[in-house]
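Everything on this sheet refers to the single structure shown next.
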Amino acid sequence: MTSGSPLQRLRTVLDDAVLNVTGGERPKSAPTLERPKQAAHGDYATNAAMLLPKIVGAAPPMIAERLSVALSEYLGDDLSSIETAGPGFLNLRLSDGWLAKALADVLAAGDAYGSGGAAAGGSGTESVHLEFVSNNPTGPVHIGGARGAAFGSSLSNLLVFHGHRVHREYYVNDHGNQVELFGQSLQARARGEEPPEEGYQGGYVADVAARIPDAATRPVEEVATEGIALMVAAQKASLEAFRTTFDQWFSENALHEPRGERVSEVQEAFDVLAEQGRTFEQEGALFLRTSDLGDDKDRVLVRSDGRATYFASDVAYHHAKRTRGYDRVINVLGADHHGYVARIEAAFEALGGDRDRIELLITQFVNLFDGGERVKMSKRAGEFVALDDLVDDIGVDAARWYLLARSHDTTIDLDLAEAREQSAENPVYYVQYAHARIRSILTRAEAGETTTANPGDGAVAPSERELSLALLAWPDEVAEAADRRAPHRIATYALSLARGYSAFYRDCPVLAAGLPDDVRARRLDVCRATATVLASALAILGVDAPERMDREDAVEA
RNA sequence: GCGCCCGUAGCUCAGCUGGAUAGAGCGUCGGUCUACGGAACCGAAGGUCAGAGGUUCGAAUCCUCUCGGGCGCGCCA
């Protein structure tokens with residue numbers, strides 16, 4: 001709380017000034033300290049004075065004056081100017097000395113700069129159970145699964161960087177009649193026949209069948225089991241190639257099996273629910289009374305013919321998640337599952353869970369285009385675009401970037417023609433290029449090289465200042481992105497940082513012969529800090545931060 | 001019919017637990033430069049933030065309604 005980033009320390013000072021002016025009372029909402037949109041409004045602006053009229057009993061401009069006196073005293077030489085503006089904003093400008101000290105702190109933190117903020121933040125660090133993708137094991141990972149994978153893996157990276165502990169899990173739906181249907185489809189293909197009407201029609205089915213010995217003649221259950229195992233292995237490989245790994249692959253089927261002396265997880269969950277008085281029987285079926293807990297209607301756990309529903313598995317799974325003792329359970333679902341949110345939350349609460357400890361995040365659909373033309377996806381005919389196809393087409397970096405650069409709850413229209421363009425038209429390469437360019441300069445600097453570029457006057461240019469201030473915002477960006485489960489903010493930030501670096505690069509030669517040593521050192525520090533932050537941001541997104549990029553890779557001149 | 005998500009520049013999207021003149025990428029148009037990596041940079045045009053009310057010092061942001069789009073509403077998984 002006390003040390004922290006340069007910006008945090010500035011906040012603390014602002015806090016002190018507020019308390020000084022109010023005589024110890026805090027405003028209801030914390031004052032902001034933000035980079036204003038317009039450069040004319042200084043390095044940072046605060047709305048503090050506008051939050052205090054009721055407490056202080058004066059108008060905002062008057063309060064702003066008092067705050068400015070306190071801030072001037074506390075900050076001393078670090079402050080170069082302070083002024084009140086508009087309805088009562090305070091605009092501060094920090095000195096070059098303050099900026100230099102701040103940048104030194106950034107460099108001292110090294111690769112860890114911006115990480116670990118959860119410990120100092122409001123909620124503290126948590127152990128998080130994160131379930132994502134959970135594609136059916138009866139086919140390849142499809143485009144929806146790709147978005148879930150990109151989002152889940154990146155969210156996981158982000159939460160870990162922020163200081164939480166994350167357990168990544170994939171729920172394998174290896175139970176129920178789809179498994180049998182898959183087995184029948186495999187066997188049909190093995191016999192050279194068409195799969196059943198409602199079965200799996202995709203071309204991959206025959207490929208999988210061909211890898212199962214005697215698939216045409218063995219019991220269909222065995223064929224199904226082997227087929228599922230092969231599909232899961234294939235999914236795992238696809239996802240790993242997509243830089244998405246899991247700590248555990250959790251079998252739905254296992255929930256239904258007794259565990260040594262103990263009853264099955266499903267039965268145990270039923271028992272818990274019965275004890276809580278949450279279940280009832282009707283017309284021979286067992287229901288969970290989710291309607292008491294915000295769901296539209298009650299849900300069936302066991303059908304009147306005695307078979308458990310898919311929902312029963314889900315209930316048992318969440319019972320298992322709960323009893324495994326995480327602080328928080330996050331479940332990433334595709335948009336077609338949003339109808340389950342209410343019943344899952346209800347079930348979690350019925351099992352004794354705290355509603356505030358479970359989050360169901362919905363990733364919206366991805367529409368694929370190619371040169372403006374819609375790419376058709378028909379799961380039934382097996383013509384859907386698989387994760388592997390996407391990666392083959394546009395590469396892992398571009399695929400992850402395009403799936404992550406937008407908020408998870410907005411539908412994405414992804415144009416493959418644009419995404420596979422390996423040029424500056426493509427933001428992902430722009431950001432990577434900025435990183436590679438900096439690394440190149442740093443390498444040359446270490447070798448003591450100089451260039452013939454015009455050294456200029458060595459002053460802190462506006463673009464150098466802008467870039468430095470952007471770097472100082474990184475810990476806050478991480479905290480906000482993590483708290484809001486919004487990795488796309490990291491992409492937005494990375495792009496703007498890369499642009500900021502371009503401006504700096506244009507105005508501030510680093511290696512120019514004739515540049516004073518201290519200026520060269522200062523600018524190299526800016527380069528180093530930028531490279532570190534860009535690398536951290538790209539790592540969170542699961543996008544490569546290359547040391548160099550070769551021109552020959554470009555598609556066209 | 002009910003529920004969830006979305007509606008911001010020509011296109012794709014940021015900004016949304018309220019702040020000062022609404023941003024980026026692409027596209028379009030016009031420029032720059034012996035360039036530390038040209039996969040560069042600069043500039044311009046382009047928006048009644050779907051519409052209407054409300055809340056207040058202040059609304060793209062919060063509330064209500066309307067319109068438009070996507071998805072979901074099984075004793076399927």
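Note on naming: letters A, B, ... go to the chains in the order of the sequence lines (proteins, then strands), and numbering restarts at 1 for each one.
Mapping A:Phe287 and A:Tyr433 onto RNA chain B via the closest heavy atom, the residue that lands nearer the 5' end is A:Tyr433. Each of A:Gly176 and A:Thr451 was assigned the nucleotide of RNA chain B with the nearest heavy atom; the assignment lying further toward the 5' end belongs to A:Thr451.
When rounded to the nearest whole Å, the span between CG of A:Leu92 and P of B:A20 equals 17 Å. Distance, A:Phe365 CZ to B:C71 C1': 6 Å, rounded to whole Å. A:Glu198 places its CD atom 10 Å from the C1' atom of B:C76, with the value rounded to the nearest Å. In this entry the distance linking CZ of A:Phe369 with C1' of B:C26 reads 15 Å, nearest Å. Taking atom CZ of A:Arg506 as the reference point, atom P of B:G43 lies 7 Å away to the nearest angstrom. For A:Phe311 and B:C75, the CZ to P distance is 12 Å, given to the nearest whole Å. What separates CD of A:Gln432 from P of B:G37 is a distance of 18 Å, to the nearest Å.
Base pairing of B:A59 is not made with any nucleotide, judged by Watson-Crick or G-U wobble geometry with both donor-acceptor distances under 3.5 Å. Base pairing of B:U34 is not made with any nucleotide, judged by Watson-Crick or G-U wobble geometry with both donor-acceptor distances under 3.5 Å. Searching all strands for a Watson-Crick or G-U wobble partner of B:C75 with both distances below 3.5 Å returns nothing. Across all strands shown, nothing is found opposite B:G47 as a Watson-Crick or G-U wobble partner with both distances under 3.5 Å. Using Watson-Crick or G-U wobble geometry with both donor-acceptor distances under 3.5 Å, B:G23 finds its partner in B:C13. Under the Watson-Crick or G-U wobble criterion, with both distances below 3.5 Å, B:G7 is paired with B:C67.
Taking only side-chain atoms of A:Arg484, from C-beta outward, the nucleotide of B:C16, B:C5, B:G23 with the closest atom is B:C16. Of the candidate nucleotides B:C36, B:G37, B:C16, B:G37 has the atom nearest to the side chain of A:Arg548. When distances run from any side-chain atom of A:Arg437 to the nucleotides B:A40, B:C36, B:G19, the shortest one goes to B:A40.
Salt bridge A:Glu466/A:Arg35: present, at least one basic N to carboxylate O contact under 4.0 Å. Between A:Arg520 and A:Asp517 there is no salt bridge, since none of the side-chain N atoms of the basic residue sits less than 4.0 Å from a carboxylate O of the acidic one.
A:Ala342 comes within 4.0 angstrom of nothing in the nucleic acid, heavy atoms only. Using a 4.0 Å heavy-atom cutoff across all strands shown, A:Glu547 reaches at least one base atom of the nucleic acid.
We find that the ring of A:His41 and the base of B:A20 stack, their centres lying under 5.5 angstrom apart and their planes tilted less than 30°. Between the side-chain ring of A:Tyr505 and the base of B:C36, a stacking contact exists by the 5.5 Å and 30° definition.
Contacts classified as salt bridge (Lys or Arg N to Asp or Glu O under 4.0 Å) and involving residues 429-439 of chain A (residues at least two apart or in different chains) are given here: A:Arg439-A:Glu547.
Checking A:His175, A:His256, A:Glu265 one by one against A:Ser313, the side chain to side chain donor-acceptor pair (under 3.5 Å) holds for a single residue, A:His256.
Here A:Ser502 reaches the OP1 or OP2 of B:C41: one of its side-chain N or O atoms lies under 4.0 Å away. Under 4.0 angstrom from either OP1 or OP2 of B:G74 there lies no side-chain N or O belonging to A:Arg299. Dashed line: the shortest gap from a side-chain N or O of A:His337 to OP1 or OP2 of B:C4 is not under 4.0 Å.
Taking the P atoms as reference points, B:G1 lies 15 Å from B:C65, given to the whole Å.
Side chain A:Asn47 to base B:A20: no donor-acceptor pair is found below 3.5 Å. Evaluation of atom-type donor-acceptor distances gives a pair under 3.5 Å for the side chain of A:His338 against the base of B:C71. Judged by distance alone with a 3.5 Å cut-off, a donor-acceptor contact links the side chain of A:Ser304 to the base of B:C75.
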